[in-house]
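Reading through the structure tokens given below for one structure.
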Amino acid sequence: MARTTDKLKSFESNYEKLEELVASLENTDLTLKESLDLFEKAISLSQTCESALTYAKQRAEALADLASPVVSVDEERDESVEEGTLDL
């Protein structure tokens, strides 16, 4: 887990580097080899950023689940019965 949290800590800088690589790839003065090297670095950074975002999403969902109240089956059933009707 420490490795994933390290990715979270460096997400912003990795994302900035990725943007710089994409801008560099738009340069038409690059050789094919230079373009491929930059593309390889961009793919690696993209995967690192995606991994960090996936972890952050899962963590946020887990925290949201903890924050939301748990409703028991009996409580759900009581809410669905209208006043003045019989629940048979």
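By convention here, the first residue in the shown sequence is residue 1.
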What's the separation between atom [atom1] in [X] and atom [atom2] in [Y], rounded to the nearest 0.5 Å?
X: Glu50; Y: Lys57; atom1: CD; atom2: NZ; result: 11.0 Å
X: Ser46; Y: Phe39; atom1: OG; atom2: CZ; result: 9.0 Å
X: Ser35; Y: Glu26; atom1: OG; atom2: CD; result: 11.5 Å
X: Asn14; Y: Cys49; atom1: CG; atom2: SG; result: 5.0 Å
X: Leu45; Y: Ser13; atom1: CG; atom2: OG; result: 8.5 Å

*Ser24 to Leu38 - nearest heavy-atom pair and separation*: CB-CD1, 3.8 Å
*Ala52 and Leu8: which non-hydrogen atoms are nearest, and at how many Å?*
O-CD2, 3.3 Å
_Do the side chains of Asp37 and Lys41 get close enough for a salt bridge, i.e. N-O under 4.0 angstrom?_
no
Check for me, please, whether [X] and [Y] land in the same ILVMFWY cluster - side-chain distances under 4.5 Å, paths through other members count.
X: Tyr15; Y: Leu21; value: no
X: Ile43; Y: Leu36; value: no
X: Leu53; Y: Val22; value: no

*Count the heavy atoms belonging to other residues, nucleotides or ligands that lie under 6.0 Å from CD of Glu34, then report whether that count exceeds 12.*
yes
*If we only count heavy atoms from C-beta on, is the Thr48 to Phe11 side-chain gap below 4.5 Å?*
no
*Got a donor-acceptor contact below 3.5 angstrom from the Ser51 side chain to the Gln47 backbone?*
no
